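Below: one structure, written as structure tokens.
Small disclaimer: the values here were computed from a predicted structure and weren't measured. Hydrogens, waters and symmetry mates play no part in the numbers below; they use all other heavy atoms, side chains included.
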Amino acid sequence: MLPLGLREKEFMARLSYARIKYLFFSWLAVFIGSWVIYVRYNSYTELCRGQECKTTICDKYRKGIIDGSACEGLCTKETIYFGKCLSAKPNNQIYLGIWGNLEGVIKCQMGNTLHLDFGADLEPRKEIVLFDKPTRGTTVQKFKEMVHSLVKTKLGDQGNLQDLVNLILKAADSNKDGHVSLPEAKSAWALLQLNEFLLMVILQDKEHTPKLLGYCGDLYITERVPYTSLYGISLPWIIEVFIPSGLRKRMDQWFTPSWPRKAKIVIGLLEFVEDIFHGLYGNFLMCDVSAKNFGYNDKYDLKMVDMRRIIPEMSLKEYFKDKSCESDLDCVYGADCGTTCDQNKRRCTADVTQPNLTKVCLLVKDYLLSGTPSEIQEELEKQIYSCIALKAAAKHMEMEHALILNNLKALLWKKISHTNDS
């Protein structure tokens, strides 16, 4: 047994070691925490540039270059407030916002949007280019011809394009005085470069498209969707990093509405597919079919959250035209639009391999089959797998598309039509 003095010295030595260890890990924690805060702050300031966007837009408005229904509230009365930043890229500013007593989503472009660039990020905003069209002296008739030419390029030679031009001019007349001023025309022209805005004008009367509340320049405000993901739970990024993908997928299925409500949401999604498949103004292709792009309201009616990657078929064909390739992997746009590589010509073909309906069925398969009532389980599985097997190049694709879509809607609606969720 050690003498008392030695034991005291040993105890003090251990205590000193524990203190040093504690101080080391404390400083390490402070260092790591400070570094994380610094990185997150830098990321936030890079991604969230709403004030810069507002300053640029309002400067143009005050100089009389642009005009729109939201300009006064944004720049003069200041009744439009920027809330939480939702931006994922610096050149696409997205904020929750409030306009008077309305809740909305504010979207503002921080890049030169006057050209269609599917691949790389857009270049920084160019003051000498943005809002340069139409020029002073352009007549209303000439502006109509400009708009007609633009939508013809994007949508193809549809027989009723003049009706769409009239819809666009009606939206451009922000003060409803019966004519489109030059500043209003400049705003409308900048917005028409954006696929989402064009689609919102086309689908303005459809229930699954968020309402356009107003615009100023290429900043526009849409209706806010209460639930902004088809399923899943939002977690802090630092927790998200450590969750395995398999567990994350199971967690997403845990945090979903009841099955009848899921069925109602999916019916709305199928109706949206109908809206954009060979509609009045051509076919649109969904090039990012992920849960975060679809939401729903308090009544479980589907509402689109992000339509920026829904592309006119003609624009996508133009993108793939003469695109060189080594394999099918080179013939892809977004997450979900792809064609095949012609190995003889080493060029991408023009037609996509999967229709929108197939992509949607792949998305909702687990979502819908989880908790399905036993009496329709087998039939629902059969219809979903038939849907997934549908190919865009099938001989009678349009007929099969309509048949599968209508059968799936009918099956779901029949099951929930007598419930409170319908």
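A cation-pi contact, defined as under 6.0 Å to the ring centre and within 45° of the axis, is absent between K54 and F82.
In this structure, the side chains of M307 and F197 stay at 4.5 Å or more apart for every pair of heavy atoms. Using a 4.5 Å heavy-atom cutoff, the side chains of I416 and I267 are in contact. Taking the side chain as every heavy atom from C-beta outward, D288 and N293 approach each other to under 4.5 Å. In this structure, the side chains of K292 and D306 stay at 4.5 Å or more apart for every pair of heavy atoms. Considering only heavy atoms from C-beta on, F143 comes within 4.5 Å of W189 through its side chain. Using a 4.5 Å heavy-atom threshold, the side chains of E378 and K382 count as separate. Under the 4.5 Å side-chain criterion, counting only non-hydrogen atoms from C-beta, D328 is not in contact with T353. By the 4.5 Å heavy-atom criterion applied to side chains, L96 and E103 are not counted as neighbours.
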> Stepwise, does the side chain to side chain contact (heavy atoms under 4.5 Å, CB included) test hold for L203 with F272?
Replying inline: CA-CA 10 Å; L203 302 178; F272 180 78; 3.9 Å; yes
> Would L86 and Y95 count as a side chain to side chain contact (heavy atoms under 4.5 Å, CB included) if you check the C-alpha gap in whole Å, the side-chain angles of each, and the deciding distance to 0.1 Å?
Replying inline: CA-CA 5 Å; L86 305 176; Y95 282 79; over 6 Å; no
>> Could you go through C75 and C216, starting from their C-alpha distance and side-chain angles, then the distance that decides it, and tell me whether this counts as disulfide (SG to SG under 2.5 Å)?
In response: CA-CA 10 Å; C75 306; C216 183; 4.8 Å; no
>> Under the criterion side chain to side chain donor-acceptor pair (under 3.5 Å), I'd like the reasoning laid out for D351 against T349: C-alpha separation, chi angles, the key distance, then a yes or no.
In response: CA-CA 6 Å; D351 297 319; T349 56; over 6 Å; no
>> Run I202 and L280 through side chain to side chain contact (heavy atoms under 4.5 Å, CB included) and show every step you take.
In response: CA-CA 9 Å; I202 291 173; L280 286 175; over 6 Å; no
> Between N283 and I276, does a side chain to side chain contact (heavy atoms under 4.5 Å, CB included) hold up when you go through it step by step?
Replying inline: CA-CA 6 Å; N283 190 22; I276 63 173; 5.6 Å; no
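Between the side chain of K321 and the backbone N or O of A350, no donor-acceptor pair lies under 3.5 Å. Here the side chain of T209 pairs no donor or acceptor atom with the backbone of D205 at under 3.5 angstrom. The backbone N or O of F131 lies less than 3.5 Å from a partner atom in the side chain of K186, making a donor-acceptor pair. Looking at Q93, its side chain does come within 3.5 Å of a backbone N or O of R49 through a donor-acceptor pair. Without hydrogens or angle criteria, N160 side chain to D163 main chain gives no donor-acceptor distance under 3.5 Å. S87 contributes no side-chain N or O that, together with a main-chain N or O of P90, makes up a donor-acceptor pair within less than 3.5 Å. Put simply, the side chain of K211 never gets that close to the backbone of T222: no donor and acceptor are under 3.5 Å apart. Looking at D275, its side chain never comes within 3.5 Å of a backbone N or O of L270 through a donor-acceptor pair. Side-chain atoms of T138 do not come within 3.5 Å of backbone N or O of P134 as any donor-acceptor pair. Under the 3.5 Å distance criterion, the side-chain polar atoms of S149 are left unmatched by any main-chain donor or acceptor of M146.
The aromatic rings of Y296 and Y227 sit parallel to each other, their planes meeting at less than 30°, with 60° as the upper class boundary.
The minimum heavy-atom distance between P257 and Y300, with the atom names listed, is CB-CE2, 3.9 Å. The two residues A70 and I221 have their closest heavy-atom pair at CB-CD1, 4.1 Å. L47 and A88 make their closest contact through CD2-O, 3.5 Å (heavy atoms, listed as atom of the first residue, atom of the second, distance). Closest approach of K262 to S370, counting heavy atoms only: NZ-O, 2.9 Å. Nearest heavy-atom pair, I265 versus L302, reported as atom, atom and distance to 0.1 Å: O-CB, 3.8 Å. The nearest pair of heavy atoms linking E223 to V105 is O-CG2, 4.3 Å.
Residues K323 and D330 are not paired through a salt bridge, judged by the lack of any N-O separation under 4.0 Å between the basic side chain and the carboxylate. A salt bridge is defined here as a Lys NZ or Arg NE, NH1 or NH2 lying under 4.0 Å from an Asp or Glu carboxylate O, and R346 with D342 fails to meet this definition.
No more than 12 heavy-atom neighbours from other residues, nucleotides or ligands sit within 6.0 angstrom of NZ on K206. Within a 6.0 Å sphere centred on NZ of K63, other residues, nucleotides and ligands contribute 12 heavy atoms or fewer. Annotation: K317, atom NZ; neighbour count of heavy atoms from other residues, nucleotides and ligands within 6.0 Å is above 12.
The closest side-chain donor-acceptor pair between T79 and K77, if any, does not fall under 3.5 angstrom. Neither side chain, H148 nor Q162, offers a donor N or O lying under 3.5 Å from an acceptor on the other.
Between I80 atom CD1 and E72 atom CD the span is 10.0 Å, to the nearest 0.5 Å. One finds the OG atom of S315 at 10.0 Å from the OH atom of Y333 (value rounded to the nearest 0.5 Å). One distance of note links CE of M397 with CD1 of I404; it measures 10.0 Å at 0.5 Å rounding. From T56, atom OG1 reaches atom CG of D218 across 9.5 Å, with rounding to the nearest 0.5 Å. Remark: K415 NZ to T372 OG1 distance equals 10.5 Å, nearest 0.5 Å. Separating the CE atom in M286 from the CG atom in L357 is a distance of 10.0 Å, to the nearest 0.5 Å.
Listed by chain and number, the residues in a side-chain contact (heavy atoms from CB on, under 4.5 Å) with S174 are S69, E184, Y215 (sequence neighbours excluded). Contacts of F320 classified as ring pair (Phe, Tyr, Trp, His ring centres under 6.0 Å), with partners at least two apart in sequence or in another chain: none.
On the SG-SG cut-off of under 2.5 Å, C287 and C337 qualify. A distance below 2.5 Å between sulfur gamma atoms is met by C348 and C331. For the cysteine pair C387 and C361, the distance separating the two SG atoms is below 2.5 Å. The SG atoms of C85 and C48 sit under 2.5 Å apart.
Each of E271, E274, K303 was checked for a side-chain hydrogen bond (donor to acceptor under 3.5 Å, both in side chains) with H208, and the lone residue meeting it is E271. Among R308, R309, K107, the one residue that satisfies the side-chain hydrogen bond (donor to acceptor under 3.5 Å, both in side chains) test with E196 is K107.
Listed by first and then second residue, the disulfide bond (SG atoms under 2.5 Å apart) pairs that reach into residues 158-199 come to none, sequence neighbours excluded.
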